[in-house]
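Take a look at the structure set out below.
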Amino acid sequence: MKDNIFADIIDTKGLFIDKEVLRHTYKPSKLPHRDEEVKIMRYNLVEALKGHIPSNMILYGVSGAGKTAVTQFICSQLEEMGQNIDRFVNPVFINCRKIDTQYRVLAHLGNSLLEDYENDDIPFTGWPTDKVFSELIRRMDRLGGVHIIVLDEIDHLVKKSGDDLLYNLTNLNAELKKARCSVIGISNDLKFTEYLDSRVQSRLGQEDIIFNPYNAAQLQDILRMRSKKGISKGALGKGVIELCAGMAAQEHGDARRALNLLRVSTEKAEQSGDTEVIERHVRIAQNQIECDQITPVIRSLPSQQKLVLFAVLRNEKHGLKNIATGEVFELYKQACKNFGSNILTSRRITTLLSELDTLGLITAKTVSNGRYGRTKMINSCIPNSIDPMEIMIEAEDMMIAVDNGKYRFQAKI
DNA sequence: AATCCACAGGAAGCCCGGGAAC
DNA sequence: GTTCCCGGGCTTCCTGTGGATT
């Protein structure tokens, strides 16, 4: 056993007490600086415990502002209280970034209501949507009680698939005989209701709650609270929490980012055998988090999108900033020829560029050059510490070979 | 004030693959 | 095996747009 590579480190006392506490998936028992929001939601959702229908709600706020955490916390408390007083309350969470069509949301809801002995899942495609809808109603009624449907990142769903689903879901109570239902939408976009039909707007937005971003002081409180449980006493050097909170506050007050930063900084200190986390570890962690976020995104892009991104990066490599869509398209065509790939239309490239913008890999700002037309100014957002070419080389479906310092495409064998 | 550029982006429709129902 | 349904990728066609130029 002495030869095992883990033998000498398995018993080493690390800087963590419980690393899980510092992950955003951890569900804390207290949510600092969210008392007001909890109070409003609690007041509304208590109706479910009385067997009435709570108002539908929309929660707004930037990512990492605690919307999902607060909702999960309240729903678990609600469910627990329901069990105590023998009222069935059933919260169902759906992330609309992963499940982003009307059909899939309905199928997911329906499948979450299966009894243990049942095995008849609604298939992921094949049924007419109205059949899935009536099956959902049947299953909800069979279970009875109050169903709380939480649609996280609802803005993404609406922008992609329209508001048909919300129209149907907010009208569910008219169809249900025994059960009741309430919808909670969680959105990063304050203006997403502009995309909704006015009827859906008024039905869904019965109660709007805005989650303001955390400021640096509030983030410090959150980090202190979590680090008490998660990190050994005395392991955090002076100013570390303040730095993590400050960096995250600059990025729209994202608590998730702050927790990540603190966790990774501590990991870095541990890895280098230090007994204390210092500011240097935070800076290293910041760099790594940036890399970790972007690398898998680039790697998983479809090959056509990689070619578009390549065209942008190729221009920047030559010192060209603020490239117009047309220029990107020209370079993209060249890349396609070199790679032997088919060339898509410029309309399609416009959409692919918008998607890259949404993914945060580029910024595309619409500008007007007067008589010389209207276009988008495109710049990459990939930090200098990352070599995107390296990542693309590892891609499964294509590779870029380096030839005398120049990049050229070739099929991967 | 009218014109014009270089797109942006919406709408409609085609094609394909996957799965269920008949 | 055929038909129906859904979703995704894509094209074609089209209208809209902001501001420099005429």
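Side chains included, hydrogens not; waters and symmetry mates left out as well; all remaining heavy atoms used. Just so you know, these numbers come straight off a predicted model, no measurement behind them.
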Worksheet item: Ignoring hydrogens and angles, does a donor from either the side chain of A/R104 or the base of C/dG7 sit under 3.5 Å from an acceptor on the other?
Response: no
Worksheet entry | Residue of the set A/I154, A/D208, A/L59 for which side-chain contact (heavy atoms from CB on, under 4.5 Å) holds with A/S187 | A/I154
Between [atom2] of [N] and [atom1] of [X], the distance in whole Å:
X: A/L301; N: C/dG8; atom1: CG; atom2: C1'; value: 17 Å
X: A/I122; N: B/dA20; atom1: CD1; atom2: P; value: 12 Å
X: A/E135; N: B/dA20; atom1: CD; atom2: P; value: 14 Å
X: A/R347; N: B/dA11; atom1: CZ; atom2: P; value: 11 Å
X: A/I349; N: C/dT12; atom1: CD1; atom2: C1'; value: 15 Å
X: A/N342; N: C/dG9; atom1: CG; atom2: P; value: 14 Å
X: A/E327; N: B/dC5; atom1: CD; atom2: C1'; value: 15 Å
X: A/D130; N: C/dC5; atom1: CG; atom2: C1'; value: 11 Å

Worksheet entry | Flag if over 12 foreign heavy atoms under 6.0 Å of CZ, A/R42 | no
Phosphate oxygens OP1/OP2 of [N]: is one of them under 4.0 Å from a side-chain N or O of [X]?
X: A/K131; N: C/dC5; value: no
X: A/T350; N: B/dA8; value: yes
X: A/T101; N: C/dG7; value: yes
X: A/W127; N: B/dA21; value: yes
X: A/R348; N: C/dT11; value: no

Item to complete: Remember a base hit wins even if backbone is also touched, and classify A/S346 as base, sugar-phosphate or nothing at under 4.0 Å, heavy atoms.
Response: nothing
Discussion item. What contact category does A/T129 fall into here, base, sugar-phosphate, or nothing, at under 4.0 angstrom with non-hydrogen atoms?
Written reply: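 Sugar-phosphate, backbone atoms only, no base.
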Fill in: A/Y214 six-ring face occupied by A/R34 cation (under 6.0 Å, within 45°)
yes
Among [options], which nucleotide sits nearest the side chain of [X]?
X: A/R371; options: C/dG18, C/dC5, C/dT21; result: C/dT21
X: A/R374; options: C/dC10, B/dA8, C/dA20; result: B/dA8
X: A/D100; options: C/dC6, B/dA8, C/dG8; result: C/dG8
X: A/T325; options: C/dG18, C/dT11, B/dC7; result: B/dC7
X: A/T345; options: C/dC10, C/dT21, C/dT12; result: C/dT12
X: A/Y103; options: C/dC6, C/dT12, C/dC10; result: C/dC6

Item to complete: Could you check A/E267 against A/R263 for salt bridge (charged side-chain N to carboxylate O under 4.0 Å, His left out), going step by step and ending with a plain yes or no?
Response: CA-CA 6 Å; A/E267 282 173 356; A/R263 193 190 78 245; 3.6 Å; yes
Discussion item. If I take atom CG from residue A/L109 and atom CZ from residue A/R104, how far apart are they, to the nearest 0.5 angstrom?
Written reply: 14.0 Å
Fill in: A/R257 vs A/N260, side-chain hydrogen bond (donor to acceptor under 3.5 Å, both in side chains): CA-CA, chis, key distance, verdict
CA-CA 5 Å; A/R257 181 68 181 237; A/N260 253 342; over 6 Å; no
Item to complete: Could you check A/Y372 against A/K376 and say which one's nearest nucleotide on DNA chain B is further toward the 5' end?
Response: A/Y372
